[in-house]
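Inspection log for the structure reproduced underneath, given as structure tokens.
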Amino acid sequence: MPFNEEYFNSEDFKELLNYYEASMKVGEHPFMDVDDLVDIADYYNHYERADEAIEVIEHALQLYPSATLPNVFMARQALMDCDYNMARHYSDCIEDQDDPDYHYLQAEILIAEGHIKEADKYLRDYEKRVDPDEYQDYVKDCANLYYDYGESQKALEWMMRSPGDNSDDFKELMAHILFCLGKFSDSERVFNELIDNNPYASKYWKALAGTQLANGEFSNAVTSSEYAIAIDPNDPEGLLTKANALLQLENYEEAEKYYERYSEINPSDEAGHFYRGVCLIYRGKLQEALEALLHAEALSGEDSPFISQIYQEQAFCYSSLKQPKKAIEVLEKSASTMDDPNHLLVLKGHILLENNLNDEAEEMWRKAMANSNYSATIMMQIVASLYDNHYIEACYDILKRAYEYYKEEDNALSQGYPYLALCCHDLGHKEEFLHYLKLATEKYPRETRFILGFLFPKDMDVNDYYNYITQQLKE
């Protein structure tokens, strides 16, 4: 269930927490209400103090062995470890099996096991027993349950069953669900409604900034994150979102400052060091970038979501420093993290080409294409590498032939027309540039903004690109 930030910041809760912690300091487990103990555990859990949270719940279970909430808490801990038998054990310990939280837990166990239809049937059967006065909350809790497990479409279905909930909690959940479904504009609209009612709620500004960032509205994301930072200057999420938006706007120097601030607050998180390294690469400070990336690697475990990117950016640094052997050696470390081994061959080819080992690069790419059965995805990766290495004519020739070989509907070609337009622009083929620009903006607006956006005013709508260039050519 959602973290109750307002309650946990209240004087009542602080007094409760202080009493509990003071008792623990002198070696006493205080006798407290079961709900209060679970609140303290939820607080610890939210702030990643898992051991303390478990200690509170174990104490609660000693006092109240058949109470609902402590058993639900422990069952959910078991579900996080995919221990479904233990989760059912705690479920069976609950005495009051009419408690709604007992029924939510039964459905949650089914969802965690992947039995989505069975969970839905269970909740719909129990729905018939829900008091009409509690139905609105029931719908929201069911939706939240599915949302927690990434079942956003099912969560939306439950939200749509609401008879009309205008509460902030309902709107916030709806905005998050819409975001997860990729409906960024709708999500943004709801977050703006929440901000209109609560202009000093940092969490809404941060969520709005994240939505705008995902929707490619980078300038707006910067502005929204600035409001969040103004409310809480040391909020790590606000700082990271602003840094990410600045990075997308290619304001590398300013982005680096915010990644540095983020790392000062979260020194053990590799993300800040990794992205700072990326900014330094773009600024041409390769030795500093390498140091930041090595620091990020030292902080990363094997399951880090950044580890593959860290190795690849290190490899690009070594390559730019004219150390291709070392670059490929580092790149090999990322092999186990790649879904497609042919992508690794493309990256090796990129490093070889950058270091003027053209024949070796061509051989690497031939192998990647053959191994992938001439995949359009691999072909586009090679095109991007050729363009980055200033082989514009080669990109142009490959892309012209590509549309004779591949089906135009192939999603892998979403960057094809934008890159072809870019090549035509660089080669001075004005009529072809206009032709492919029009196709690119009509078929792949997001990719077109990403690849060609630097040619146009920053805030210009991608749909206006063609008319803008046409007018420029007339003038």
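Note that these values count all heavy atoms, side chains included, but never hydrogens, waters or copies made by symmetry.
- Open room surrounds CD on Glu253; 12 or fewer heavy atoms of other groups in view lie less than 6.0 Å from it.
- Look at Glu172 and Lys203 and you find a salt bridge, because one of the NZ, NE, NH1 or NH2 atoms lies within 4.0 Å of a carboxylate O, short of that distance.
- Between Lys25 and Glu21 there is no salt bridge, since none of the side-chain N atoms of the basic residue sits less than 4.0 Å from a carboxylate O of the acidic one.
- Looking at heavy atoms from C-beta onward, Leu178 lies out of side-chain contact with Phe184 at the 4.5 angstrom threshold.
- Put simply, the side chain of Asp96 gets close to the backbone of Asp98: a donor and an acceptor are under 3.5 Å apart.
- A distance below 6.0 Å separates the ring centres of Tyr275 and Phe306.
- Within the 4.5 Å cutoff, side-chain heavy atoms of Asp168 are placed close to those of Tyr204.
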Note to self: What verdict does the side chain to side chain donor-acceptor pair (under 3.5 Å) test give for Glu108 and Tyr149, after you've listed the backbone C-alpha separation in whole Å, the side-chain angles of each residue and the deciding distance to 0.1 Å?
What the structure shows: CA-CA 9 Å; Glu108 183 170 353; Tyr149 281 85; 2.7 Å; yes

Margin query: With salt bridge (Lys or Arg N to Asp or Glu O under 4.0 Å) as the criterion, how do Lys333 and Glu297 come out once you've worked through the C-alpha distance, each side chain's angles and the decisive distance to 0.1 Å?
Written below: CA-CA 11 Å; Lys333 293 182 184 179; Glu297 180 188 355; 3.7 Å; yes

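- Nearest heavy atoms, Ala440 versus Pro418: CB-N, 3.8 Å.
- Between Leu123 and Tyr138 the shortest side-chain heavy-atom distance falls below 4.5 Å.
- The closest side-chain heavy-atom distance from Gln415 to Tyr444 is not below 4.5 Å.
- Ion pairing of Arg88 with Glu113 is present here, as a side-chain N (NZ or NE/NH1/NH2) and a carboxylate O approach within less than 4.0 Å.
- Ala296 approaches Glu270 most closely through the heavy-atom pair O-CB, 3.5 Å.
- Atom CZ of Phe454 is surrounded by more than 12 heavy atoms from other residues, nucleotides or ligands within 6.0 Å.
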Next item on the list: Please lay out, stage by stage, how Ser152 and Tyr146 fare under the test side chain to side chain contact (heavy atoms under 4.5 Å, CB included).
Entry: CA-CA 7 Å; Ser152 300; Tyr146 282 110; over 6 Å; no

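- Within the 4.5 Å cutoff, the side chain of Ser300 has heavy atoms near those of the Ile310 side chain.
- The side-chain heavy atoms of Phe218 and Leu247, taken from C-beta on, include no pair separated by under 4.5 Å.
- By the 30° and 60° cut-offs, the orientation of the rings of Tyr43 relative to Phe13 is tilted.
- By the 4.0 Å N-to-carboxylate-O rule, Arg49 lies close enough to Glu52 to be salt-bridged with it.
- The aromatic ring centres of Tyr126 and Tyr122 sit 6.0 Å or more apart.
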Please output the side-chain donor-acceptor pairs of residues 128-136 that fall under 3.5 Å, not counting sequence neighbours, one pair per line with the distance.
unit_1, atom_1, unit_2, atom_2, d
Asp131, OD1, Asp133, N, 2.8
Tyr135, OH, Glu127, OE2, 2.5

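- Formation of a donor-acceptor pair under 3.5 Å by the Trp205 side chain with backbone atoms of Pro199 is found in this model.
- Two rings, from His176 and Phe191, have their centers less than 6.0 Å apart.
- Within a 6.0 Å sphere centred on OH of Tyr227, heavy atoms belonging to other residues, nucleotides or ligands number 12 at most.
- Checked by atom type and distance alone, the side chain of Ser224 pairs as donor or acceptor with a backbone atom of Asn220 at under 3.5 Å.
- Side-chain contact check for Val346 versus Ile378: some heavy-atom pair is nearer than 4.5 Å.
- A salt bridge links Glu193 with Arg189: the distance from a Lys NZ or Arg NE/NH1/NH2 to an Asp or Glu carboxylate oxygen falls below 4.0 Å.
- Of the charged side-chain nitrogens involved, none lies within less than 4.0 Å of a carboxylate oxygen, so that Lys242 and Glu254 do not count as a salt-bridged pair.
- Atoms OG and CD, on Ser10 and Glu15 in that order, are 9.5 Å from each other to the nearest 0.5 Å.
- Under a 4.0 Å N-O distance rule, the pair Glu260/Lys257 does not qualify as a salt bridge.
- Annotation for Asp92: atom CG counts as buried by contact number, over 12 foreign heavy atoms lying within 6.0 Å.
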Next item on the list: Before giving the answer on side chain to side chain donor-acceptor pair (under 3.5 Å), spell out for Thr337 and Ser308 the whole-Å C-alpha distance, their side-chain angles and the decisive distance to 0.1 Å.
Entry: CA-CA 6 Å; Thr337 66; Ser308 180; 3.0 Å; yes

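- Pairs engaging residues 56-92 under the ring-ring contact (aromatic ring centres under 6.0 Å, His included) rule: His29-His59 [sequence neighbours left out].
- Taking the side chain as every heavy atom from C-beta outward, Leu293 and His273 never approach each other to under 4.5 Å.
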